[in-house]
Amino acid sequence: MKEYLLSIFEEAAKRLVYLRDLNLTFDVPKIESQGDLSSNVAMFLVKQLKKKPRDIATEIVSNLNVDKQIITKIEIAGPGFINFFFSPSFMSRIVNDILTEGENFGKSKKYSGKKANVEFVSANPTGPLTVGHGRNAVFGDTVSNLLEWIGYTVDREYYFNNAGRQMRVLGDSVRLRYLELLGQQVDFPEDHYQGEYIKDIAKSIYDEFGDIYINENAEGIFKEKAESEIFTDIKRTLERLNIKHKIFFNENSLYEEGKITNAINAFKEKNLSYEKDGAVWLKLTELGNDQDKVIVKSTGEPTYRLPDIAYHITKFDRGYDLMVDIFGSDHNATYPDVLAGLNALGYNSEKIKVLIHQFVTIMDNGVAVKMSTRKANYITIDQLIDEVGSDVVRYFFNMRNITTHMNFDLALAKKQSDENPVFYLQYANARISSILKMIENENLKSSVENIDLLTSIEEQQLLKKLYQFKNEILLSAEYFESHRICSYLEELAAAFHRFYTFCRIIGTEKKLAEARIALAMATKIVIKNGLSVLGVSAPERM
RNA sequence: GCGCCCGUAGCUCAAUUGGAUAGAGCAACAGCCUUCUAAGCUGUAGGUCAGUGGUUCGAAUCCACUCGGGCGUACCA
């Protein structure tokens with residue numbers, strides 16, 4: 001539809017100079033009576049032309065050469081909108097496209113040839129993934145899918161740190177539990193990891209090696225074993241959500257390969273750092289930020305900023321056109337320093353897109369659950385998947401804009417999982433599958449031969465929704481907003497359920513019935529494609 | 001104190017990134033199954049878009065201030 005409007009506007013621009021070099025957009029009006037597509041170009045030109053918007057609109061419309069077979073009506077409405085009404089037969093053409101393109105319908109090549117890196121989850125291996133990580137994990141993977149759909153080659157990356165204080169405490173937690181197993185009386189400190197999984201790890205060391213590590217320190221086998229077992233668990237949890245990272249990037253490699261030193265030297269050379277009180281400071285005030293920050297502590301140890309900067313340099317070195325970082329809101333203060341540092345070193349930080357998601361408040365019986373891995377006060381993603389299934393988990397974390405402070409009532413999720421919108425979508429898909437099985441016995445097939453018989457309101461509304469899919473994918477990807485796909489699919493499914501209710505197939509005259517089957521098949525493809533972007537399955541039967 | 005985010009129907013959230021009469025789901029109420037899956041459909045009711053100013057053809061959306069909530073504000077990550 002848009003392509004056609006663009007072509008007639010281009011033709012009209014030969015006569016109307018002011019239509020040239022405009023970035024024309026067409027919107028789908030909220031209200032049916034306002035047409036299938038609408039342009040606000042006349043209002044947009046008010047200032048430039050110093051005329052009334054409705055007069056401009058009138059002039060534009062009289063210069064449009066429209067094919068009456070395609071557009072049945074053009075209307076100037078409200079303050080100066082130009083509303084276009086498409087013919088039913090033109091609308092039905094989309095079915096051909098969908099059936100031809102199949103599982104590729106909705107993909108575009110707009111960004112093909114470009115490489116993107118999406119870094120997400122990136123939880124250090126100190127414990128199981130909690131629902132707190134769920135939003136990050138699901139959103140990151142869906143953004144990756146979206147970017148792939150518009151042509152990017154995407155590397156999913158997980159950044160982690162297995163050194164430092166956190167990990168020492170983890171190793172020591174395992175060590176103490178191990179000593180307990182050996183019958184020693186130990187005083188387990190409050191700031192150690194309290195979770196049961198620590199005991200399991202200690203037990204597995206005990207089972208395998210007995211008491212030979214009785215005098216081992218925290219950093220040896222205890223830390224190593226903890227890290228490997230926890231990572232195995234994390235990967236298994238992610239796999240249950242259909243998430244697979246291509247790259248696990250260890251922060252430690254930055255030290256081993258001298259990237260940290262390189263970064264320090266680079267700042268020094270550019271005279272962007274100085275020493276004070278035994279520490280090295282970065283001149284962030286000169287780079288437009290509020291205050292200077294320490295990049296190397298007086299102990300000689302870098303702060304997180306330095307490895308973060310060095311890490312992003314490796315991403316630039318790896319040649320990505322787009323780098324997406326997905327963080328929880330607790331990181332919102334850290335990334336401006338990193339971006340400023342990168343810019344100062346000559347890297348274009350506009351290639352980095354930082355997406356901050358707000359936290360999910362978990363409500364249990366009306367009380368907010370405060371999560372802490374260390375205090376073992378958490379609900380894991382695995383528990384959640386066990387309760388409601390991975391489709392619901394994925395859909396749930398995708399369905400809201402990441403800027404919202406989302407509330408998640410556990411009790412409600414368990415009790416009312418039947419009412420989750422994901423079932424509404426899957427149900428539409430299952431109904432179509434059922435029809436497609438049924439028609440074999442009725443001697444009916446799918447046919448686009450008489451597709452222009454699809455003129456009823458329900459059929460036209462469904463067609464209109466199908467038309468929007470490709471654009472919806474593109475916008476969702478460009479805005480990094482996966483929740484739009486959920487909203488779209490719910491509307492599509494609603495349009496289908498109405499079609500299903502009012503437009504029977506079996507018992508209808510053959511030509512119309514076969515056109516309707518084609519429409520149902522096209523709908524099934526779009527629902528399935530949309531769900532696959534979200535990482536949600538489309539079962540044939542429910 | 002300062003920075004970022006949020007405040008929309010009883011609840012959970014949308015709103016085409018500044019567009020026309022602010023929409024869905026849940027909950028409530030009234031209907032629809034001897035025909036392709038009732039996990040569905042139709043209808044009713046529900047709103048001071050936190051508040052006050054401003055910007056313009058036009059504001060839930062942008063700006064300023066106020067109120068309320070979340071997250072930060074380290075020589076932790």
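Below, chains carry the letters A, B, ... as their sequence lines are ordered, and counting in each starts from 1.
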inquiry  = Distance criterion of 3.5 Å, no angle test: do you see the side chain of A:Asn40 paired donor-to-acceptor with the base of B:rG19?
reply    = yes
query = Heavy atoms under 4.0 Å, any strand shown: does A:Asp277 hit a base, just sugar-phosphate, or nothing?
reply = base
request  = Indicate, with a heavy-atom threshold strictly under 4.0 Å, whether A:Glu490 touches base, sugar-phosphate, or nothing.
outcome  = nothing
query = Does any N or O in the side chain of A:Ser456 come within less than 3.5 Å of the main-chain N or O of A:Glu459, such that one atom is a donor and the other an acceptor?
reply = yes
query = For RNA chain B, what dot-bracket results from Watson-Crick or G-U pairs at under 3.5 Å, with [ ] for crossers and | for inter-strand partners?
reply = (((((((..((((.....[...)))).(((((.......))))).....(((((..]....))))))))))))....
note = In whole angstroms, the gap separating C1' of B:rG25 from CZ of A:Phe408 amounts to 15 Å
ask   = Once you round it to whole Å, what is the distance between P of B:rC4 and CG of A:Leu355?
value = 18 Å
query = Taking atom C1' in both B:rG7 and B:rU61, what distance in whole Å separates the two?
reply = 14 Å
ask   = So which nucleotide from B:rU17, B:rA15, B:rC13 ends up closest to the side chain of A:Asp27?
value = B:rU17
ask   = How far, in whole Å, is B:rC41 from B:rG25 if one measures between their C1' atoms?
value = 15 Å
query = When you measure from the side chain of A:Ser476 to the backbone N and O of A:Arg484, does any donor-acceptor pair fall under 3.5 Å?
reply = no
remark   = Judged by nearest nucleotide, the residue sitting upstream toward the 5' end of RNA chain B, A:Tyr479 or A:Val296, is A:Tyr479
request  = Please work out if A:Pro79 contacts a base, only the sugar-phosphate, or nothing of the nucleic acid, heavy-atom cut-off 4.0 Å.
outcome  = base
request  = Tell whether A:Asn83 reaches the base of B:rA20 with its side chain through a donor-acceptor pair below 3.5 angstrom.
outcome  = yes
request  = May I ask you to say what A:Arg484 touches in the nucleic acid, namely base, sugar-phosphate or nothing, with a heavy-atom cut-off under 4.0 Å?
outcome  = base
task = Verify the contact: side-chain N or O of A:Lys30 to OP1 or OP2 of B:rU21, cut-off strictly under 4.0 Å; return yes or no.
result = no
ask   = Between atom CG of A:Asn83 and atom CG of A:Asp27, what is the distance when rounded to the nearest 0.5 Å?
value = 10.5 Å
request  = Provide, to the nearest angstrom, the distance between the CZ atom belonging to A:Arg400 and the C1' atom belonging to B:rA24.
outcome  = 9 Å
key: Any N/O donor-acceptor pair, A:His405 side-chain to B:rG7 base, under 3.5 Å   = no
P spacing across the pair B:rG19 / B:rA59, given as an integer number of angstrom = 11 Å
query = What is the nucleic acid contact for A:Ser38, judged by heavy atoms within less than 4.0 Å: base, sugar-phosphate only, or nothing?
reply = base
task = For B:rU34 and B:rG47, measure between their P atoms and round to the nearest Å.
result = 37 Å
ask   = Taking only side-chain nitrogens and oxygens of A:His497, does any of them come within less than 4.0 Å of OP1 or OP2 of B:rA39?
value = no
task = Give a yes or no on whether A:Lys437 atom NZ has more than 12 heavy-atom contacts from other residues, nucleotides or ligands under 6.0 Å away.
result = yes
message = Pair A:Phe396, A:Phe408 - check ring-ring contact (aromatic ring centres under 6.0 Å, His included), show working.
response = CA-CA 9 Å; A:Phe396 177 81; A:Phe408 183 30; 4.0 Å; yes
request  = Any chance you could measure A:Tyr500, atom OH, to A:Ile432, atom CD1, to the nearest 0.5 Å?
outcome  = 10.0 Å
key: With A:Asn124, the side chain to side chain donor-acceptor pair (under 3.5 Å) member among A:Glu251, A:Gln166, A:Glu227   = A:Gln166
ask   = To the nearest angstrom, how far is A:Glu32 atom CD from B:rU16 atom C1'?
value = 15 Å
task = Please measure how far the C1' atom in B:rA24 lies from the corresponding atom in B:rC49, and state the result in whole Å.
result = 16 Å
task = Go through B:rC5, B:rG19, B:rC75 for me and flag the one nearest to the A:Phe81 side chain.
result = B:rG19
message = Work out how far the P atom of B:rU8 is from that of B:rG70, and round it to whole angstrom.
response = 15 Å
ask   = Mapping A:Ser298 and A:Arg498 onto RNA chain B by nearest heavy atom, which one lands closer to the 5' end?
value = A:Arg498
key: Length of the CE-C1' vector between A:Met43 and B:rU56, whole Å   = 12 Å
request  = Could you work out the separation of B:rA9 and B:rC65 based on their P atoms and round it to a whole Å?
outcome  = 26 Å
Identify all pairs in which a protein N or O lies below 3.5 Å from an N or O of nucleotides 33-37 of chain B, and state each distance.
from: B:rC36; atom 1: O2; to: A:Ile506; atom 2: N; distance (Å): 3.4
from: B:rC36; atom 1: N3; to: A:Ile505; atom 2: N; distance (Å): 3.2
from: B:rC36; atom 1: N4; to: A:Tyr500; atom 2: O; distance (Å): 2.7
from: B:rC36; atom 1: N4; to: A:Cys503; atom 2: O; distance (Å): 3.4
from: B:rU37; atom 1: OP1; to: A:Ser434; atom 2: OG; distance (Å): 2.2
from: B:rU37; atom 1: OP2; to: A:Ser434; atom 2: OG; distance (Å): 2.9
from: B:rU37; atom 1: O2'; to: A:Tyr427; atom 2: OH; distance (Å): 2.2
from: B:rU37; atom 1: O2'; to: A:Arg431; atom 2: NE; distance (Å): 3.0
from: B:rU37; atom 1: O4; to: A:Met542; atom 2: N; distance (Å): 3.1

query = Atom CG of A:Leu37 to atom P of B:rU16: distance rounded to whole Å?
reply = 16 Å
query = Between B:rU16 atom C1' and A:Glu478 atom CD, what is the distance in whole Å?
reply = 13 Å
query = Heavy atoms under 4.0 Å, any strand shown: does A:Val46 hit a base, just sugar-phosphate, or nothing?
reply = nothing
key: B:rC33, syn or anti by chi within 90 degrees of zero   = syn
Donor-acceptor pair present, A:Thr303 side chain and B:rA74 base, under 3.5 Å = no
Spacing of CZ belonging to A:Phe502 relative to CD1 belonging to A:Ile457, to within rounding of 0.5 Å = 10.0 Å
query = Considering only B:rA14, B:rC5, B:rU21, which nucleotide approaches the side chain of A:Gln358 most closely?
reply = B:rC5
ask   = B:rC76 phosphate, OP1 or OP2: any side-chain N/O from A:Lys297 under 4.0 angstrom?
value = yes
request  = Measure the CG-CD distance between A:Asn136 and A:Glu119 for me, rounded to the nearest 0.5 Å.
outcome  = 9.0 Å
ask   = How far does CD of A:Gln34 sit from CZ of A:Phe85, to the nearest 0.5 angstrom?
value = 8.5 Å
query = Should the ring pair A:Phe469 and A:Tyr488 be called parallel, tilted or perpendicular, given that the plane angle runs from 0 to 90° and is split at 30 and 60?
reply = tilted
key: Closest to the A:Met406 side chain, choosing from B:rG40, B:rU16, B:rC13   = B:rC13
task = With syn defined as a glycosidic angle within 90° of 0 and anti as everything else, classify B:rU16.
result = anti
task = Check every strand shown and say whether A:Ala520 touches a base, only sugar-phosphate, or nothing at a heavy-atom separation below 4.0 Å.
result = nothing
query = Is it true that a side-chain atom of A:Asp325 and a backbone atom of A:Val354 form a donor plus acceptor pair closer than 3.5 Å?
reply = no
task = Verify the contact: side-chain N or O of A:Asn161 to OP1 or OP2 of B:rA77, cut-off strictly under 4.0 Å; return yes or no.
result = no
key: Between C1' of B:rA39 and CZ of A:Phe496, the distance in whole Å   = 14 Å
task = Output yes when A:Lys524 and A:Glu540 qualify as a salt bridge under the 4.0 Å nitrogen-oxygen rule, no when they do not.
result = yes
query = Of the candidate nucleotides B:rC57, B:rC71, B:rC6, which contains the atom at the shortest distance from the side chain of A:Asn332?
reply = B:rC71
